[in-house]
Amino acid sequence: MRACPSIAPGRAPATLALMLGIVFAVCTVSGAARATPAAVREQAFAALWNEDTPAAITLFREYLATPDGDADREAQRGLALACSWDGRQGEATALYRSLLAADPADGDAQVGLGRALLWDNRLREGWRVLGEAAAGGSPGAAAGARDVMLTALDEYTPPWAAGVATTWDSDDLHVVRAGVTATLPAGGALVQLMPSHAWYRQPGQPDVEATRLGAGVVTGLGARTSLHAYGWVDRFSSDGDLPATAAPLDWDQAGGDAWLTWLPAPRWRVDLGAGAQPVETFLALGNHLVRRQGSLSVEHRLSKNWSAGVAGIAGDYSDGNRSDRLTLRLSWLRDGRWRWQVGPVANYLDFRMPYPGGYWAPADMRSGGLEASVRTRGRNVTLRLAGSIAQEKEAGADALTVGGGSARVGWRLAPDWLLAVEGGKSQSSFGSASGYRRTSLTVDVRAFF
């Protein structure tokens with residue numbers, strides 16, 4: 001609160017005394033207005049919906065410490081939600097449990113507790129709480145619980161998942177991958193086991209297969225920091241000699257992928273990543289080529305409807321090549337039952353050694369275009385649509401207009417099960433290691449049990 005001027009002792013002229021008195025009165029009245037519990041409460045909710053969770057937490061606690069706030073359950077739920085959005089899931093769950101202890105019929109608190117438990121990697125406990133709210137809560141709470149459960153099945157890390165993904169490139173390379181993922185809680189983290197198998201087919205080449213044994217961990221490193229880290233070993237083999245090497249493929253290769261997400265301030269997100277994986281073309285597999293890369297991206301939510309981001313990727317190859325890519329993005333967003341996102345995207349890519357053989361590696365590539373997506377969900381169905389159009393210009397070649405699109409539909413087959421089908425097509429050279437057009441289809445089954 002801004003301090004008001006004090007009046008020094010002694011006798012002042014009447015006019016000056018009157019002026020000082022008016023200033024003192026205005027400061028006192030305005031300060032009192034700002035300090036009223038009702039004003040603090042209003043500011044707390046405004047900060048919450050403006051995504052300034054640290055300020056919201058401070059203001060809610062200030063208001064709840066007053067006599068007016070002592071029994072205000074809506075403000076208590078607001079504080080719990082602010083803590084959850086800020087990554088303080090332990091505090092959020094304690095607040096929600098306190099609300100339920102005072103009123104077990106508080107469906108909103110039950111839904112909030114279930115969601116906070118999921119975000120705290122306590123998957124089965126959170127799922128059980130949400131299931132109870134969906135089955136026995138008020139109509140509003142039951143609908144809210146079902147909505148959170150559908151989102152969790154569709155977008156979060158479920159305890160079990162299995163899927164088959166296939167891609168077709170315009171050079172006739174066909175790849176099929178099948179795998180399962182088991183996710184287990186371990187001391188506040190999630191440990192994942194991810195075995196999979198892949199088949200590579202292309203006319204004129206022997207059949208290639210790859211078995212992958214992988215594992216990973218998902219964990220929070222603080223209220224606003226999280227880590228995803230995965231590692232694996234691939235075993236590649238072929239049923240005949242590869243023409244490029246005149247020998248069968250027999251290759252074991254370790255790889256991995258990890259990224260750290262940090263939310264340094266409201267509306268800011270920073271991701272730092274690193275990874276290594278085989279280059280998936282027949283010539284690259286035959287030459288045992290591996291790509292390693294590091295990445296850094298920064299995203300800022302400029303306002304309720306606008307965000308901007310920049311991402312950089314520095315990669316090198318085991319043949320001595322190097323590539324660098326810069327991406328700039330501006331997005332208009334509209335949240336709601338239908339979530340819209342659209343905006344321009346620009347890319348710049350260059351390689352140290354253009355076209356060394358085995359993978360797409362232009363001297364440089366410039367791309368500018370527009371990306372758009374929309375997603376929604378009903379009672380038991382989720383839908384995502386995405387599309388893009390761009391101009392791509394390789395060094396020494398004419399500019400090309402390229403586009404792409406994808407669609408994903410998820411069906412909640414039972415309270416604990418989701419079946420999702422996704423298909424897409426991309427004409428962009430960025431879409432595959434070989435730079436060819438790609439068509440893809442994925443079928444996933446995801447479950448909480």
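Remember, predicted model here, so these are calculated numbers, not experimental data. Nothing fancy with the numbering, it's 1 onward along the sequence.
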Contacts under 3.5 angstrom, residues 413-425 side chains, donor-acceptor by atom type, not counting sequence neighbours:
{"residue": "D416", "atom": "OD1", "partner": "W127", "partner atom": "NE1", "Å": "2.8"}
{"residue": "K425", "atom": "NZ", "partner": "T439", "partner atom": "OG1", "Å": "3.1"}

(message) When you measure from the centre of the six-membered ring of W340, is the NZ or CZ of R334 closer than 6.0 Å and no more than 45° off the axis?
(response)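 Not flagged: R334 not positioned over aromatic ring of W340.
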(request) Is it possible for you to check whether R77 lies under 6.0 Å from the centre of the six-membered ring of F60, through NZ or CZ, and within 45° of that ring's axis? (result)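 Not satisfied by the 6.0 Å and 45° rule.
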Would you tell me whether [X] and [Y] have side-chain atoms, one donor and one acceptor, within less than 3.5 Å of each other?
X	Y	value
Q293	R291	yes
H174	T167	no
R377	T151	yes
Y348	D324	no
D106	Y96	no
W360	Y436	no
R267	N50	yes
N347	T327	yes
Q192	T183	yes

Would you indicate whether the side-chain heavy atoms of [Y] and [X] approach each other to under 4.5 Å?
X	Y	value
F236	D234	yes
R224	P264	no
L242	P248	no
S434	D169	yes
V148	V111	yes
L333	S307	yes
S428	R438	no
R212	H197	no

Flag the pair [X] and [Y] as a salt bridge only when some basic side-chain nitrogen lies within less than 4.0 angstrom of an acidic carboxylate oxygen.
X	Y	value
R235	D250	yes
R366	E392	no
R384	D154	yes
R269	E51	no
E74	R41	yes
E371	R329	yes
D335	R301	yes
R408	E155	no
R88	D86	yes

If every non-hydrogen atom of [X] is compared with every non-hydrogen atom of [Y], which pair is closest and at what distance?
X	Y	value
P278	L285	CB-CD2, 4.4 Å
L59	A44	CB-CB, 3.6 Å
A447	L153	CA-CD2, 4.2 Å
D444	G163	OD1-CA, 3.4 Å
M194	G216	CE-N, 4.1 Å
Y317	S323	CE1-OG, 4.0 Å

(message) So if I apply the salt bridge (charged side-chain N to carboxylate O under 4.0 Å, His left out) rule between R201 and each of D172, D239, D207, which one comes out positive?
(response)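 The option that passes is D207.
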(request) Run the numbers on F351 and N321 for side-chain contact (heavy atoms from CB on, under 4.5 Å), then give the verdict. (result) CA-CA 7 Å; F351 280 81; N321 205 356; 3.6 Å; yes
Check whether [X] reaches the backbone of [Y] with its side chain - one donor and one acceptor, N or O, closer than 3.5 Å.
X	Y	value
D120	R122	no
Q202	D171	yes
T93	Q89	yes

(request) Step by step, work out the side-chain contact (heavy atoms from CB on, under 4.5 Å) result for Y200 and E209. (result) CA-CA 6 Å; Y200 300 80; E209 296 188 14; over 6 Å; no
(request) Determine the interplanar angle of the W251 and H288 rings, folded into 0 to 90°, and report it as parallel if under 30°, tilted if 30 to 60°, perpendicular if over 60°. (result)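 Aromatic pair W251/H288 classed parallel.
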(request) Please work out whether the ring planes of W85 and W49 are parallel, tilted or perpendicular, with thresholds of 30° and 60°. (result)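 Answer is perpendicular, since the angle exceeds 60°.
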Distance (rounded to the nearest 0.5 Å) between [X] [atom1] and [Y] [atom2]:
X	Y	atom1	atom2	result
L326	I313	CG	CD1	10.0 Å
Q427	R437	CD	CZ	6.5 Å
L441	S406	CG	OG	12.0 Å
D147	R379	CG	CZ	11.0 Å

If you draw a 6.0 Å radius around [atom1] in [X], do more than 12 non-hydrogen atoms from other residues or ligands fall strictly inside?
X	atom1	result
W199	CH2	yes
W232	CH2	yes
E42	CD	no
R337	CZ	yes

(request) Name all residues meeting the side chain to side chain donor-acceptor pair (under 3.5 Å) criterion together with T401; count only those two or more places apart in sequence or in a different chain, and write none if there are none. (result)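 In terms of side chain to side chain donor-acceptor pair (under 3.5 Å), with neighbours along the sequence ignored, T401 is linked to Q391.
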(request) Only one of D68, D70, D72, T36 passes side-chain hydrogen bond (donor to acceptor under 3.5 Å, both in side chains) with Y63; say which it is. (result)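 With Y63 as partner, D68, D70, D72, T36 yield a single side-chain hydrogen bond (donor to acceptor under 3.5 Å, both in side chains), made by D72.
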(request) Would you sort out whether L385 and S373 count as a side-chain contact (heavy atoms from CB on, under 4.5 Å), showing the intermediate values? (result) CA-CA 5 Å; L385 302 173; S373 66; over 6 Å; no
